[in-house]
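Keep in mind the model is a prediction, meaning the values are calculated, not measured. Every chain is numbered from 1 and lettered A, B, ... according to where its sequence line falls, protein lines coming before strand lines.
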Amino acid sequence: MPTPTYTLIDSVTLASSASSVTFSSIDQTYGDLVLVVDGKAEGKTGLYLQFNGDSGSNYTTVGMQGEASGASSYSQTLAFTNANLMAGAQGLNTVQLMAYSATDKHKTILARANFATEQVRAAAARWASTSAITQVRLFMDSGRNFQIGTTLNLYGITSEVV
Amino acid sequence: MGVVKLSTAGIRNYSKTSDFLSGNLPLSLGSFDLLETTTLTTSAASVTFSGLGAYSDYKHLQIRAVVRGSFSLNIRLNGDSGSNYAIHSLQGNGSSVSSSSTTSASNAEFIGSAGGSEDANAFGALVVDFLDAYSGSKNTTMRGLGGKSTSNPRIALNSSLWNNTAAISSMELFGGTWVAGSRFSLIGVK
């Protein structure tokens, strides 16, 4: 029996600028999460994710980007970065947190970022933990804030047919 | 006796039923529905979703996979193993970007699975869309986003063409030996 899904779990629209946004006590009944971030920052910055409060060196990222000067690929070992946001231009990031509630595998994250005034980007990241993701914190480079009006929507996609 | 035309125009919150027997479950009215999921409990060389004609009221199909055991997720539609597929990919490995193409391939290909010898517990992930899957008059186009951040990292945008206008009735997913815990979910999109 087809099971309707892609369910909105939480939605945030910033009424004031914020240095980070955290989704806590995330429902564990879904298979995947999709996070859509549409916003601006107070200055050019990357967008980072942190799970379950883990600030250790447990994140790796591989990405590629295209911009006016050409295409390139990058890797990071500090934390997951997605796409640049900056003042005056809207950046749209769609992040897939695959098998986020599984406890038998590391977590793989896929991201597509559209920042039409500067670049387009895709990335894959891994959180080297078998813990289920119960909390997602989004933040930026030091000193940067999400601007007012930035929206962050979290959706759940079930992986079990009812 | 006059003829009265019945309409649902003035009815709110109604649901269709699969037949006229009372008590049957209503048909799904969602726009993005999970149709089937296979999660491997033991390793397997392939996973097949068949009988997909039953889902022809959907416009598009999507595979959401979390997989380990091969570099790529290969797909054959309707059992066709002929040279009827074309493949394009754009991929980054952390130091450079490259692109490739193949014509007359015997399967569609999507990069992003983690290999069996890569970091323990690491899985790759892919989201593959099958656009206008039941058209019957268009060759089938697939697009995918896949990646893994492992000892052999990769992020990839892929597209594949099945040079056939038939509606999709089955899809075989293969590439290596998928390990236990690999998950394949089939989504219908209206």
Whatever's closer than 4.5 Å to a heavy atom in chain A on B:Ala180 counts as neither
Answer key: most heavy-atom pairs under 4.5 Å with chain A among B:Thr37, B:Leu35, B:Leu34, B:Val97 is B:Leu34
So, the part of B:Ser95 with a heavy atom under 4.5 Å from chain A: the answer is backbone
- Query: Is the CD atom of A:Glu160 crowded by more than 12 outside heavy atoms at less than 6.0 Å?
  - Reply: no
Turns out that what part of B:Ala114 lies under 4.5 Å from chain A's heavy atoms comes down to neither
Highest number of heavy-atom pairs under 4.5 Å with chain B among A:Gly70, A:Ala102, A:Ser75 belongs to A:Ser75
Inset, instruction - Give me the ring orientation class for A:Phe51 and A:Trp127: parallel if the planes are under 30° apart, tilted from 30 to 60°, perpendicular past 60°. - result: tilted
Closest non-hydrogen atoms of A:Pro4 and A:Pro2, given as atom of the first, atom of the second and distance, are CD-O, 3.6 Å
Any chance CZ of B:Arg143 has more than 12 other-residue heavy atoms, nucleotides or ligands included, within less than 6.0 Å? no
Honestly, the part of B:Leu90 sitting under 4.5 Å from a heavy atom of chain A is both
Here the pair of heavy atoms bringing B:Ser149 nearest to A:Arg126 is O-NE, 2.7 Å
Pair count under 4.5 Å, heavy atoms only, with chain B: among A:Asp104, A:Val162, A:Thr158, highest is A:Thr158
Can you give the donor-acceptor pairs under 3.5 Å from side chains of residues 64-72 of chain B to other protein atoms, not counting sequence neighbours?
residue	atom	partner	partner atom	Å
B:Arg64	NE	A:Asp32	OD2	2.8
B:Arg64	NH1	A:Gln96	OE1	3.2
B:Arg64	NH1	B:Gln62	OE1	3.3
B:Arg64	NH2	A:Asp32	OD2	3.3
B:Arg64	NH2	A:Gln96	OE1	2.6
B:Arg68	NH1	B:Asp119	O	2.7
B:Arg68	NH1	B:Ala122	O	2.8
B:Arg68	NH2	B:Gly116	O	2.9
B:Arg68	NH2	B:Glu118	O	2.9
B:Ser70	OG	B:Ser72	N	3.4
B:Ser70	OG	B:Ser72	O	3.1
B:Ser70	OG	B:Gly175	O	3.0
B:Ser72	OG	B:Asn74	OD1	3.1

So, the part of A:Thr130 with a heavy atom under 4.5 Å from chain B: the answer is side chain
One option among B:Ala125, B:Pro153, B:Gly124 has the most heavy-atom pairs under 4.5 Å with chain A, and it is B:Ala125
Ring pair (Phe, Tyr, Trp, His ring centres under 6.0 Å) filter on A:Tyr155, not counting sequence neighbours, yields A:Tyr6
